Amino acid sequence: MSDRPNILLISTDQQRADHLGCYRNPVVKTPTIDGLATRGTVFDRFYVACPICMPNRIAILTGRMPSVNGTRHNGIPLALDAVTYVDVLRAGGYHTAMVGKCHAQNITGHPLDEADIFPAGASGTPPPEALSDACRTRRTGPEYEAELMPLWHADPGREGPDLPYYGFDHVRFANGHADHVQGHYTGWLNERAGGNGDALRGPANALTSDVTAPQAWRTAVPEELYPTAYIAGQSRDFIDRHLNERPDDPFFLHCSFTDPHHPFTPPGRYWDMYDPADMPLPPSFAAREENEPEMLKRLRREQGQGTGDRLGPLPFCASADEVRQILALTYGMISCIDDAIAGLLAHLEACGLTENTVVIFTSDHGDFMGDHGLMLKHGLHYEGVLRVPFIWADPARIGGKRTDLPGSSIDIGAMILARAGLASFNGNQGVPLLDVLDGKAETPRRGILIEEDELGAHLGHEHGLRTRSYIEDNWRLTLWQGMDGGQLFDRNTDPHEMRNLWSDVEHVIKKGEMTESMLREAIRLGDTAPYATHVA
């Protein structure tokens, strides 16, 4: 067996840091993840590069900010010629695998018309189609359709993708959310459901329930056939395959769960594991400010008028009962994942791999979950959508440590490569945080920059919404393109972000300092790729 460590990266989807017991949540039951925390280092201030699925996942894969890697919002696949940290691991002798939600390419199968993206009324004759974008090569075509859910649904036995896939030697897709997941999971479910997995899916086939919250139904998919069980089982199968095929090499496995995420469909006993009556509302649930962002006021008006879209991916305001129900269901999904991880870790131990495997736990991004009365994500950068769990459990390190060292999703690849003894590539913007903690390196940043670009009409903005936030010393500054004002919160004294100090005369100097720091970090994160070839 190799003396280099195996590396198991476990990720969940729309999960806040404070929805785990190890982040001092007294309600949700996560004994397995809590156990990882006692064996490892818990990062208390770890943030996304972008609080949306696709951009943040690709920021993790590339170690590059969305504005640099090109996936600025959902709908832009990762370029096939992009270098990922997984590519470097594979070149360094690692056997690499992705099981679960990848989302390096589009999954919905709903193409956009350019009229949905670009402002109308541009003057002059438009350029030919081949010259209509800044890049001649479009990220579209058959080679960018590996993850499309409709194709997997139409042909559950299809093979794919071509390997290696962004550096992964082995891939088993489970893309999507709730009980709608497709990919390799589709054929697996059909085989075990009498050839018709669709008979178990969706609200039309749901079991009886008194839950009234939007996007919630009691799925008929049993626990053992739910995507969480599939992802954990296929992860165990990869470990067995690795030991049979390449026992002398280390492995890297990304086990990527599709929950927790809306729609809210925890299976079996996890549906009513938690009582909504026991769910405390966030302290900011009923908070109101005169200087709230206009988009939040708009969502409140829509709630009062009953006109908001509560069935899609955009944020909406919810009632107290709805928030409590969704919290209870979300905790059920988290506990389901916790039990699945327990089985995966037990398999590692049974295979004799525990003492040579680094286990990492994190999430894609967070969710409002009732903060300021909101559900889901997009546009507003409250802490619940920005801060995610990050636990590094390494048998070579003393466990039970916690740190306030700020971290970003772009750091994950740099940390993994450093632990594997491999140098990163030009253009990787991540920081090897463990080296910083150990005094072997200095962090080049003072704070964390977060980017969010939205696609098309969004929250009253006809042609997209661009948001930037900067976090330093537990303060947050947020600006929106095309909007006056902004947000400035001191989370040291106002942890629930209920007093926006943007217009407070006593904090003019602090606002200026944060603005300057944000600009300096944006400059630092400018691209250093490609390499120069000559002294021109």
Side-chain angles (χ1 to χ4, degrees), residues 12-34 37 51 177-179 203 206-219 223 226 228 257-288 296 299-300 303 308 310-311 315-340 363-377 380 382-389 491 495-498:
T12 60
D13 205 294
Q14 198 160 302
Q15 180 168 329
R16 300 159 55 119
D18 59 5
H19 280 183
L20 292 174
C22 58
Y23 283 90
R24 303 181 177 93
N25 185 315
V27 180
V28 66
K29 303 176 182 69
T30 52
T32 306
I33 300 171
D34 296 351
H177 304 109
D179 65 4
L207 306 177
T208 302
S209 166
D210 57 1
V211 169
T212 58
Q215 302 193 48
W217 61 85
R218 187 165 195 167
T219 182
E223 293 172 30
Y226 195 70
T228 298
F257 291 103
T258 56
D259 277 354
H261 195 283
H262 62 98
F264 309 98
T265 63
R269 68 185 185 278
Y270 299 101
W271 173 263
D272 51 9
M273 178 174 281
Y274 296 92
D275 187 342
D278 296 333
M279 300 295 109
L281 291 173
S284 67
F285 172 76
R288 300 291 186 271
L296 178 52
L299 292 173
R300 297 201 195 286
Q303 181 188 26
R310 296 156 60 85
L311 300 179
F316 60 88
C317 288
S319 70
D321 286 344
E322 289 169 341
V323 170
R324 289 190 176 97
Q325 289 178 3
I326 289 173
L327 279 168
L329 296 177
T330 297
Y331 286 179
M333 289 188 279
I334 293 171
S335 288
C336 182
I337 290 170
D338 192 78
D339 288 343
S363 296
D364 186 359
H365 53 77
D367 187 300
F368 295 128
M369 282 286 150
D371 289 345
H372 300 267
L374 290 162
M375 284 302 309
L376 308 187
K377 58 185 183 294
L380 294 156
Y382 293 111
E383 181 90 347
V385 298
L386 302 183
R387 188 167 72 103
V388 291
R491 286 187 49 82
H496 305 293
E497 298 172 313
M498 294 190 286

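Keep in mind it's a predicted model, so treat the numbers as computed, not measured.
- Taken from CZ in Phe368 to NZ in Lys377, the straight-line distance is 9.5 Å, to the nearest 0.5 Å.
- Closest of all the heavy-atom pairs between Ala178 and Pro263 is CB-O, 3.4 Å.
- Side-chain atoms of Thr12 do not come within 3.5 Å of backbone N or O of Pro260 as any donor-acceptor pair.
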After noting the C-alpha distance and the side-chain angles of Arg288 and Arg300, does the key distance pass the side chain to side chain contact (heavy atoms under 4.5 Å, CB included) rule?
CA-CA 10 Å; Arg288 300 291 186 271; Arg300 297 201 195 286; 3.2 Å; yes
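- The backbone N or O of Pro495 sits nowhere less than 3.5 Å from a side-chain atom of Glu383 that would complete a donor-acceptor pair.
- Considering OG1 of Thr258 and CG of Asp364, their distance stands at 11.5 Å, rounded to 0.5 Å.
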Begin from the C-alpha positions of Tyr331 and Asp278 and carry the test side chain to side chain contact (heavy atoms under 4.5 Å, CB included) through to its verdict.
CA-CA 12 Å; Tyr331 286 179; Asp278 296 333; over 6 Å; no
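- Annotation: side chain of Val323 is not in contact with side chain of Met369 (no heavy-atom distance under 4.5 Å).
- Looking at heavy atoms from C-beta onward, Leu329 lies in side-chain contact with Trp271 at the 4.5 angstrom threshold.
- Here the closest non-hydrogen pair linking Pro315 and Leu299 is O-CD2, 3.5 Å.
- Using a 4.5 Å heavy-atom cutoff, the side chains of Asp367 and Leu376 are in contact.
- Remark: Asp272 engages Arg218 in a salt bridge, criterion side-chain N to carboxylate O under 4.0 Å.
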Where do Asp321 and Thr212 land on the side chain to side chain contact (heavy atoms under 4.5 Å, CB included) test, with the steps shown first?
CA-CA 9 Å; Asp321 286 344; Thr212 58; 5.9 Å; no
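- Formation of a donor-acceptor pair under 3.5 Å by the Thr32 side chain with backbone atoms of Asp338 is found in this model.
- For Gln303 (side chain) and Gly308 (main-chain N/O), no donor-acceptor pair under 3.5 Å exists by modelled atom type.
- Looking at every heavy atom in both residues, Ala318 comes nearest to Arg310 through CA-NH1, 4.3 Å.
- The closest donor-acceptor contact from the side chain of Gln15 to the backbone of Ser363 lies at 3.5 Å or more, if one exists at all.
- Within the model, atoms CD of Glu322 and CZ of Phe316 stand 7.0 Å from one another, a figure rounded to the nearest 0.5 Å.
- The residues Arg16 and Asp371 are annotated as salt-bridged, a charged nitrogen and a carboxylate oxygen being separated by less than 4.0 angstrom.
- Atom CD of Glu497 sits about 10.5 Å away from atom CG of Leu380, to the nearest 0.5 Å.
- Side chain of Ser284 to main chain of Ala287: no donor-acceptor pair is present (N/O by atom type, distance under 3.5 Å, no hydrogens or angles).
- Looking only at distances, no side-chain donor or acceptor of Asp13 sits under 3.5 Å from a matching main-chain atom of Asp259.
- Heavy-atom minimum distance, Gly332 versus Pro266: C-CB, 4.0 Å.
- Within the model, atoms CG of Leu20 and CD1 of Ile337 stand 9.5 Å from one another, a figure rounded to the nearest 0.5 Å.
- Panel note: side chain Arg324, backbone Asp275; no donor-acceptor pair is recorded below 3.5 Å.
- Here the side chains of Tyr270 and Thr228 are not in contact, with every heavy-atom distance at 4.5 Å or above.
- Using a 4.5 Å heavy-atom cutoff, the side chains of His177 and Gln14 are not in contact.
- Closest of all the heavy-atom pairs between Gly21 and Thr30 is N-OG1, 3.0 Å.
- A donor-acceptor pair under 3.5 Å links the side-chain atoms of Glu223 to the main chain of Arg269, judged by distance alone.
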Check the pair Leu327, His19 against side chain to side chain contact (heavy atoms under 4.5 Å, CB included), reporting the backbone distance first and the verdict last.
CA-CA 9 Å; Leu327 279 168; His19 280 183; 3.9 Å; yes
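- Using modelled atom types, one finds a donor on one side chain and an acceptor on the other under 3.5 Å when comparing Ser335 with Tyr274.
- Here the shortest heavy-atom pairing between Ile326 and Pro214 reads CD1-O, 4.3 Å.
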